[in-house]
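Worksheet: the structure to be examined is printed underneath.
Counting begins at 1 with the first residue of the sequence.
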Amino acid sequence: MFRPALSTSLRLLRPTTASSASSLARGRLTAYRYLSTETKTKIQKAIEAKPVVLFMKGTPESPSCGFSRAVVQVLDLHGVPAEKMDTYNVLTDAQLRSAIKEYSEWPTIPQIYINGEFIGGCDILLGMHQSGELETLLENNNIIPKIPEEPAQSTSS
């Protein structure tokens, strides 16, 4: 699905300060990778196709890393319906694996998007789960139903 080649260029840093001049003297290069417009468009369409999009290693039924497994378990715990979620196994497409990291400017997999917005990786999702933010986000985006609050009971005797 995501096969267009990435164009890569290497460029020497231009010295603007004494410290960057010394970096240049040591021969440091900075790699700049640029996603093609076609690749960006395909990723954007994939992200917008469903309310929850997960780029992971493996599949939800058979995650290939502990971080991907943890994300799938958290989403299952919150009851995210399969029909509202798309997953992409980055291990089956090396181009996608590198392109999604550049697209999101996030260096690790898994990556999760909710309603087209990049949320983060496993650590961010776990933190949101623990704080209750994830449930609120999923409810506010109509991914899971809101649980009605029970009225407070009086404690008078």
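Note that the OG atom of Ser98 and the CG atom of Leu35 stand 8.0 Å from one another [nearest 0.5 Å]. For the atom pair Glu83 CD and Met85 CE, the distance stands at 10.0 Å (nearest 0.5 Å). Between the CG atom in Leu125 and the CD atom in Gln73 there is a gap of 12.0 Å [rounded to 0.5 Å]. Atom CZ of residue Arg69 and atom CG of residue Asp76 lie 11.5 Å apart, to the nearest 0.5 angstrom. For the atom pair Trp106 CH2 and Ile100 CD1, the distance stands at 13.0 Å (nearest 0.5 Å). Note that CG of Asn89 and CG of Leu54 are 10.0 Å apart. Values are rounded to the nearest 0.5 Å.
Every residue meeting the side chain to side chain contact (heavy atoms under 4.5 Å, CB included) condition with Leu137, not counting sequence neighbours, appears here in chain and number order: Ile114, Ile119, Met128, Asn141.
Scanning all heavy atoms of the two residues, the minimum distance from Asn142 to Lys84 falls at O-NZ, 2.6 Å. Pairing each heavy atom of Ile144 with each of Gly79, the nearest pair is CG2-O, 3.7 Å. For the residue pair Ile143 and Pro81, the shortest heavy atom distance occurs at O-CD, 3.5 Å. Nearest approach of Glu133 to Ser131, heavy atoms of both residues: OE2-OG, 3.0 Å. Nearest heavy atom pair, residue Ala46 against residue Val53, reads O-CG2, 3.5 Å.
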Could you walk me through whether Asp123 and Thr108 pass the side chain to side chain contact (heavy atoms under 4.5 Å, CB included) test, one step at a time?
CA-CA 10 Å; Asp123 54 343; Thr108 60; 5.8 Å; no
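Atom CD of Glu117 has 12 or fewer neighbouring heavy atoms from other residues, nucleotides or ligands inside a 6.0 Å radius. For Lys40, the NZ atom is loosely surrounded, since the number of other residues' heavy atoms within 6.0 Å does not exceed 12.
Side chain of Lys57 to main chain of Val90: no donor-acceptor pair is present (N/O by atom type, distance under 3.5 Å, no hydrogens or angles). Between the side chain of Glu135 and the main chain of His129, no donor-acceptor pair closer than 3.5 Å is present. Proximity of a side-chain donor or acceptor of Gln111 to a complementary backbone N or O of Met56 within less than 3.5 Å is not detected. Within the 3.5 Å criterion, the main-chain N or O of Thr37 finds a donor-acceptor partner in the side chain of Thr41. Side-chain N or O atoms of Ser62 include none that pairs as donor or acceptor with a backbone N or O of Gly58 at under 3.5 Å. No donor-acceptor pair closer than 3.5 Å links the side chain of Ser68 to the backbone N or O of Cys65.
No side-chain heavy atom of Val72 sits under 4.5 Å from any side-chain heavy atom of Thr59. The closest side-chain heavy-atom distance from Asn115 to Glu48 is not below 4.5 Å. Side chains of Val52 and Asp86 form no contact here, defined as non-hydrogen atoms less than 4.5 Å apart.
Under a hydrophobic clustering in which Ile, Leu, Val, Met, Phe, Trp and Tyr are joined whenever their side-chain heavy atoms come within less than 4.5 Å, directly or via other members, Leu91 and Ile109 fall into different clusters.
Side chain to side chain, Thr39 and Ser36 meet the donor-acceptor criterion of an N or O pair below 3.5 Å.
For the side-chain contact (heavy atoms from CB on, under 4.5 Å) with Pro110, the qualifying choice from Phe67, Phe55, Tyr88 is Phe67, the only one to do so.
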